[in-house]
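Starting from 1, each residue takes its place in the sequence as its number.
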Amino acid sequence: MNNEERFKKISSDLAEGRTEGVSYAVLQIAEESNDPFEIVKGMSLLKLVPNDGTESKVANILVEKTDGKDALDVAMALRNLDCPTFALEVLKKAPQTDRSVRLRCHCLYDVEEYESAYDLYRSLENPVINDRILLSDILSAIGEHSKSIDEATKLLSEFPNDYDVRIAYVKSLMMGGRDKDAAKYARAAVKDKSADSNAVAAYVLRVAGNTKAAGGYASRAVQINPEHIGALETLGICLAIKGEYEKAKIVAGAINEISPGDKAAINILSYCEEH
């Protein structure tokens, strides 16, 4: 049986709810394959079964079998699969460019090495919008809330309709203890009845602990735009908080259909596993 046939069998087993043997099959593929992207595919399937320690074994094999030319793409995939520590190991093999530096910054942030992420951020030669969003997050994480809010406010003035910027703005406010200002912004924004504004309101309410209202706004955003990843992520997390894990996993599956390998799907699945 070749690897393509093995993957088909694993997918068939998962579709039928059979998880026994999946970990062993993926580990076998990883040990025998020299294609790092086949191993990444196997790791993505491991996210659908209980973690029995196989993920770390497969990730170590992947790190060993990845060369410099594939390092950046593999590291990106590992971060999306919620494996930032292994992504950092792979990035040691990647050429030092702005792309690899920004990915290292994200991974360092993920593993809560905020000071290191901040130091590395300053080596970026040409920061783009997503880099500046990350900077706002890093500043919040190291306790520089005023600077974080200032950065997010500047971004919002430049890109008032960008969803990720809007999320960065309300996040910086809430991290800085200005929950009322974040809620005020969200309430004013939903008057335009757009998917983005409803998704922003859903995010603010979910972080504030109002899961029921957050789910309502997220559902409304999805009705307006069925492919809104941010709204779907909030909806999936709200379902998981309520203990409706199967429904949450269906939402994660929908995200993966829309945007294969998107970290939002993994966030929902990780939340289900943790709770």
Side-chain angles (χ1 to χ4, degrees), residues 1 3 6-33 35-66 70-71 73-92 103-104 106-113 206 229 232-275:
M1 184 183 295
N3 285 343
R6 285 173 173 166
F7 279 127
K8 284 182 180 177
K9 184 177 185 310
I10 293 170
S11 296
S12 175
D13 286 343
L14 290 171
E16 295 295 326
R18 297 189 297 269
T19 60
E20 188 177 348
V22 169
S23 293
Y24 175 77
V26 169
L27 181 58
Q28 193 172 35
I29 289 170
E31 289 173 340
E32 296 177 8
S33 177
D35 181 349
F37 299 103
E38 276 193 338
I39 303 174
V40 166
K41 184 177 179 179
M43 286 191 66
S44 70
L45 293 171
L46 287 178
K47 290 295 180 181
L48 303 176
V49 301
N51 186 3
D52 59 1
T54 302
E55 180 178 86
S56 293
K57 294 177 183 177
V58 172
N60 277 313
I61 293 170
L62 178 58
V63 171
E64 183 182 341
K65 292 187 176 182
T66 300
D70 293 325
D73 289 333
V74 169
M76 230 175 260
L78 279 166
R79 179 176 181 261
N80 284 341
L81 289 169
D82 199 26
C83 297
T85 302
F86 293 103
L88 285 166
E89 286 300 309
V90 170
L91 282 169
K92 292 176 182 177
L103 184 54
R104 282 179 62 204
H106 278 287
C107 291
L108 287 168
Y109 179 86
D110 291 342
V111 298
E112 301 182 4
E113 293 188 20
R206 196 262 296 172
I229 301 298
L232 286 166
E233 180 179 11
T234 295
L235 180 60
I237 291 174
C238 287
L239 288 167
I241 290 171
K242 287 164 41 178
E244 297 182 24
Y245 302 120
E246 291 306 313
K247 289 182 180 179
K249 289 176 182 178
I250 290 171
V251 174
I255 291 173
N256 202 50
E257 286 290 321
I258 297 163
S259 178
D262 199 294
K263 199 170 188 293
I266 301 301
N267 288 343
I268 295 171
L269 294 174
S270 296
Y271 205 98
C272 289
E273 185 175 331
E274 289 169 8
H275 295 78

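- Annotation: side chain of Met43 is not in contact with side chain of Val26 (no heavy-atom distance under 4.5 Å).
- Considering every non-hydrogen atom in both Gly236 and Ile268, the closest pair reads CA-CD1, 3.8 Å.
- Two residues are said to be in side-chain contact when any heavy atoms from C-beta on lie closer than 4.5 Å; Asn256 and Asp262 fail this criterion.
- In this structure, Leu62 CG and Thr66 OG1 are separated by 4.0 Å, a value rounded to the nearest 0.5 Å.
- Between Met76 and Leu103 the shortest heavy-atom distance is N-CD2, 3.6 Å.
- Within 6.0 Å of atom NZ in Lys47, more than 12 heavy atoms from other residues, nucleotides or ligands are found, so the atom counts as buried in its surroundings.
- Between the CD atom in Glu31 and the CD1 atom in Ile39 there is a gap of 10.0 Å [rounded to 0.5 Å].
- Note that CZ of Arg18 and CD of Glu20 are 11.0 Å apart. Values are rounded to the nearest 0.5 Å.
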Can you give me every donor-acceptor pair (side chain of residues 77-90, partner residue at least two apart or in another chain, under 3.5 Å) with its distance?
unit_1, atom_1, unit_2, atom_2, d
Arg79, NE, Asp110, OD2, 2.6
Arg79, NH2, Asp110, OD1, 3.4
Arg79, NH2, Asp110, OD2, 3.4
Asn80, ND2, Gly261, O, 3.4
Asp82, OD2, Ser270, OG, 3.4
Glu89, OE1, Lys92, NZ, 3.3
Glu89, OE2, Lys92, NZ, 3.0

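- Val49 places none of its side-chain heavy atoms less than 4.5 Å from the side chain of Thr54.
- With rounding to the nearest 0.5 Å, the separation of CD1 in Ile61 from CD1 in Ile29 is 11.5 Å.
- Using a cut-off of 4.0 Å between Lys/Arg side-chain N and Asp/Glu carboxylate O, Lys263 and Glu233 are scored as not salt-bridged.
- A heavy-atom distance below 4.5 Å is found between the side chains of Phe7 and Leu45.
- The distance from atom CG of Asp70 to atom NZ of Lys65, rounded to the nearest 0.5 Å, is 13.5 Å.
- Residues Asn51 and Leu46 fail the side-chain proximity criterion, which asks for heavy atoms closer than 4.5 Å.
- For Tyr24, the OH atom is loosely surrounded, since the number of other residues' heavy atoms within 6.0 Å does not exceed 12.
- Looking at residues two or more places apart in sequence or on another chain, you find no salt bridge (Lys or Arg N to Asp or Glu O under 4.0 Å) involving Glu64.
- Partners of Arg6 according to the salt bridge (Lys or Arg N to Asp or Glu O under 4.0 Å) rule, which considers only residues two or more places apart in sequence or in another chain, are Glu32.
- Summarising the geometry, atom NZ belonging to Lys57 is positioned 9.0 Å from atom OG belonging to Ser23; distances are rounded to the nearest 0.5 Å.
- In this structure, a donor-acceptor pair under 3.5 Å is absent between the side chains of Ser33 and Asp35.
- Across Ala248 and Ala240, no two heavy atoms sit closer than the pair CB-N, 3.9 Å.
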